[in-house]
Amino acid sequence: MNTILLTRRNLMRLSALTAALGATAATTSCSGSSNSSGGKGSVTWSTWGSPEELTLLEEFNDHFRSKHPKITLTFQPVASYEEYHTKLLAQLSSGTAPDVFYIGDDRVASVIPNKVLQPLDAQLTAAGSPITKENFSAEVYGIAELDGALYALPNDVNPDAWWYNKNVLKAAGVTEDPAELAASGKWTTEAFLAMSSAIKAAGLSTLAFWNYWATHASWMTSQGGAVYDDQGHYVANTDALSVAAMEQFAARCQAGEFLIADDLPEGGDADTLFLTDKLAFFAQGRYTTNTLTSAGVDLSGYDVVCWPTPQGTPAPTGLAASFLAINAKAADVEAAYTFFSDFLSAEGQRIRLASGTAVPSIAGADDLVTDAGFPAHAQTLLDMRDEGYTNYRTEAAVAGLSGKISTDCMLPLYQGKLTAQAALDNAAALVAKEAQA
């Protein structure tokens with residue numbers, strides 16, 4: 001899962017944009033490490049992203065070229081998250097990967113042991129480096145460390161906040177505002193579920209969510225449960241609070257109150273439901289601002305709130321993150337680090353995140369979120385970032401494991417084909433087989 005979620009609607013637009021960008025880059029190198037574009041002062045980099053994000057990345061590319069005119073920069077976007085990682089892993093194996101590249105939070109820890117990433121500590125601590133490790137949250141970059149060395153840093157993050165449609169709440173007879181309840185410590189699970197029952201009674205849907213690691217992990221941790229212990233062992237299936245939380249969550253899915261956004265049909269997708277006053281809450285990142293502004297809706301009718309908890313006090317929940325790394329075989333490590341550090345700097349993040357695609361991962365750029373004027377409770381996004389956690393190291397160290405847990409264990413639970421205990425037992429067995437054998 002990326003910090004920018006690619007929906008069915010924008011994948012078609014992305015493919016066209018990617019082709020255009022690819023044509024622009026075709027006159028230069030296919031890979032920085034292949035050195036076909038000339039060694040020193042040349043950087044090739046790659047990522048995935050939505051059309052909106054890629055446009056902003058091109059703005060950053062232009063900024064970088066004007067700032068560093070002696071460095072030849074080549075950009076190689078790939079159409080989708082899965083296609084991107086399939087290609088990247090093949091390139092890393094063959095020694096033809098770009099000099100600098102994105103890598104997902106469910107892949108980064110699995111790549112590091114292969115020694116294909118450049119260690120970053122020496123550059124980060126060197127005099128004159130525009131960024132340091134201390135500018136970033138250890139809770140976020142921790143999965144990119146191995147044996148005391150750091151190999152990647154987060155580009156940006158996206159807490160899966162609960163965006164809500166006030167018109168839907170009003171239509172359901174709900175008079176309390178979730179963000180105001182949260183501000184007074186009264187945004188409890190009980191209060192939310194009472195709202196959900198009222199929303200269902202009004203013939204509307206309560207919550208849409210994406211089926212990936214952060215959703216089920218966030219519901220468990222927000223309800224006081226645990227997913228892994230401090231030693232990295234999967235414990236959700238033996239934690240009574242986690243089992244009860246997932247049973248409760250699945251029951252609401254089976255009742256039609258909660259919707260799996262991944263499985264909704266085109267035309268009846270979560271964005272459409274949210275924009276047409278049929279869906280009350282949508283759990284996703286800051287990029288929701290683009291959905292709402294592009295649709296031309298009255299923004300005063302929408303706001304954001306954290307996950308509800310039994311006591312009404314905020315709890316840590318999952319953060320979607322993408323990371324930036326330097327190829328261990330980069331053609332010019334100095335030029336690659338110049339790009340890397342500029343990209344991750346507060347200035348770079350201001351350029352890349354100006355339209356509201358994600359939350360900054362670096363200290364010193366928070367006003368991007370709070371000064372945007374929307375949502376009214378934008379500070380919630382920053383608070384969730386500061387309280388949150390990225391994917392668990394145990395899962396992130398095995399490529400594809402998080403996805404298997406979501407599709408093979410959680411999806412059948414949401415569909416009523418498994419009990420919560422059985423689903424979590426299956427997840428524990430899968431982790432034991434693939435990560436802890």
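For reference, positions follow the sequence shown, starting with 1. Small disclaimer: the values here were computed from a predicted structure and weren't measured.
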Side-chain touch [X]/[Y], heavy atoms, less than 4.5 angstrom:
| X | Y | answer |
| --- | --- | --- |
| V140 | L319 | yes |
| F249 | C253 | yes |
| Y151 | E145 | no |
| L299 | L292 | yes |
| L150 | L124 | yes |
| S218 | D160 | no |
| L73 | F60 | no |
| I131 | L153 | yes |

Any carboxylate oxygen within less than 4.0 angstrom of a Lys/Arg side-chain nitrogen, looking at [X] and [Y]?
| X | Y | answer |
| --- | --- | --- |
| D366 | R385 | yes |
| E82 | R107 | yes |
| E347 | K67 | yes |
| K404 | E434 | yes |

Please report the C-alpha distance between D332 and V43 in whole Å, then the side-chain angles of each, then the deciding distance to 0.1 Å, and finally whether the side-chain contact (heavy atoms from CB on, under 4.5 Å) criterion is met. CA-CA 7 Å; D332 185 332; V43 177; 6.0 Å; no

Does the side chain of [X] come under 3.5 Å of the side chain of [Y] through a donor N or O and an acceptor N or O?
| X | Y | result |
| --- | --- | --- |
| D177 | Y164 | yes |
| S205 | E257 | no |
| S129 | Y337 | yes |
| Y234 | E395 | no |
| S355 | T357 | no |

Expected output: side-chain [X] to main-chain [Y] donor-acceptor under 3.5 Å:
| X | Y | answer |
| --- | --- | --- |
| S341 | P130 | no |
| T221 | G225 | no |
| T47 | P77 | no |
| R352 | N155 | yes |
| D367 | T370 | no |
| T380 | C306 | no |
| D269 | L264 | no |
| D99 | A331 | yes |
| S294 | T291 | no |
| S361 | P154 | yes |

W45 vs F340, ring pair (Phe, Tyr, Trp, His ring centres under 6.0 Å): CA-CA, chis, key distance, verdict: CA-CA 10 Å; W45 81 281; F340 177 91; over 10 Å; no

For the atom pair [atom1] ([X]) and [atom2] ([Y]), what is the distance rounded to the nearest 0.5 Å?
| X | Y | atom1 | atom2 | answer |
| --- | --- | --- | --- | --- |
| D408 | L413 | CG | CG | 13.0 Å |
| D303 | N165 | CG | CG | 11.5 Å |
| L344 | N135 | CG | CG | 10.0 Å |
| L381 | Q379 | CG | CD | 9.0 Å |
| D156 | F323 | CG | CZ | 10.5 Å |
| L424 | H216 | CG | NE2 | 8.5 Å |

Should V305 and L181 be marked as a side-chain contact (heavy atoms from CB on, under 4.5 Å) after you check the CA-CA gap, both sets of side-chain angles, and the distance that decides it? CA-CA 9 Å; V305 69; L181 288 176; over 6 Å; no

Where is the tightest heavy-atom contact between [X] and [Y], given as atom of each residue plus distance?
| X | Y | value |
| --- | --- | --- |
| A152 | A325 | CB-CB, 4.1 Å |
| T390 | A321 | CG2-CB, 3.8 Å |
| S242 | A226 | OG-O, 2.8 Å |

Test M410 against I405 for side-chain contact (heavy atoms from CB on, under 4.5 Å), laying out the working first. CA-CA 6 Å; M410 298 304 163; I405 293 173; 4.2 Å; yes

Applying side-chain hydrogen bond (donor to acceptor under 3.5 Å, both in side chains), which residue pairs with at least one partner in residues 115-124 are found, sequence neighbours left out? none

If you count heavy atoms of other groups shown closer than 6.0 angstrom to NZ of K166, is the number above 12?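 Atom NZ in K166 is crowded, with more than 12 foreign heavy atoms closer than 6.0 Å.
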
Specify whether [X] and [Y] have parallel, tilted or perpendicular ring planes, treating 30° as the upper limit for parallel and 60° as the lower limit for perpendicular.
| X | Y | value |
| --- | --- | --- |
| F209 | Y414 | perpendicular |
| W48 | Y102 | perpendicular |
| F339 | F64 | perpendicular |
| W162 | W307 | tilted |

The test is side-chain hydrogen bond (donor to acceptor under 3.5 Å, both in side chains); show your working for S402 and N391 and say whether it passes. CA-CA 9 Å; S402 290; N391 199 359; 2.9 Å; yes

Partner of Y302 by ring-ring contact (aromatic ring centres under 6.0 Å, His included), out of F274, F374, F281: F274

Test of ring centre spacing under 6.0 Å for Y392 and Y389: yes

Under 6.0 Å between ring centres: does that hold for F282 and W163? no

Check against side-chain hydrogen bond (donor to acceptor under 3.5 Å, both in side chains), D342 and H63: CA-CA 10 Å; D342 273 24; H63 166 80; 5.4 Å; no

Evaluate the criterion side-chain contact (heavy atoms from CB on, under 4.5 Å) for residue pair Q284 and N158; output intermediate values, then yes/no. CA-CA 8 Å; Q284 57 176 14; N158 254 318; over 6 Å; no

With side-chain hydrogen bond (donor to acceptor under 3.5 Å, both in side chains) as the test, would you mind laying out the steps for Q223 and T189 before giving the verdict? CA-CA 8 Å; Q223 303 310 301; T189 306; 2.7 Å; yes

Test side-chain hydrogen bond (donor to acceptor under 3.5 Å, both in side chains) on N237 and D425 and set out the steps. CA-CA 5 Å; N237 62 318; D425 283 343; 3.1 Å; yes

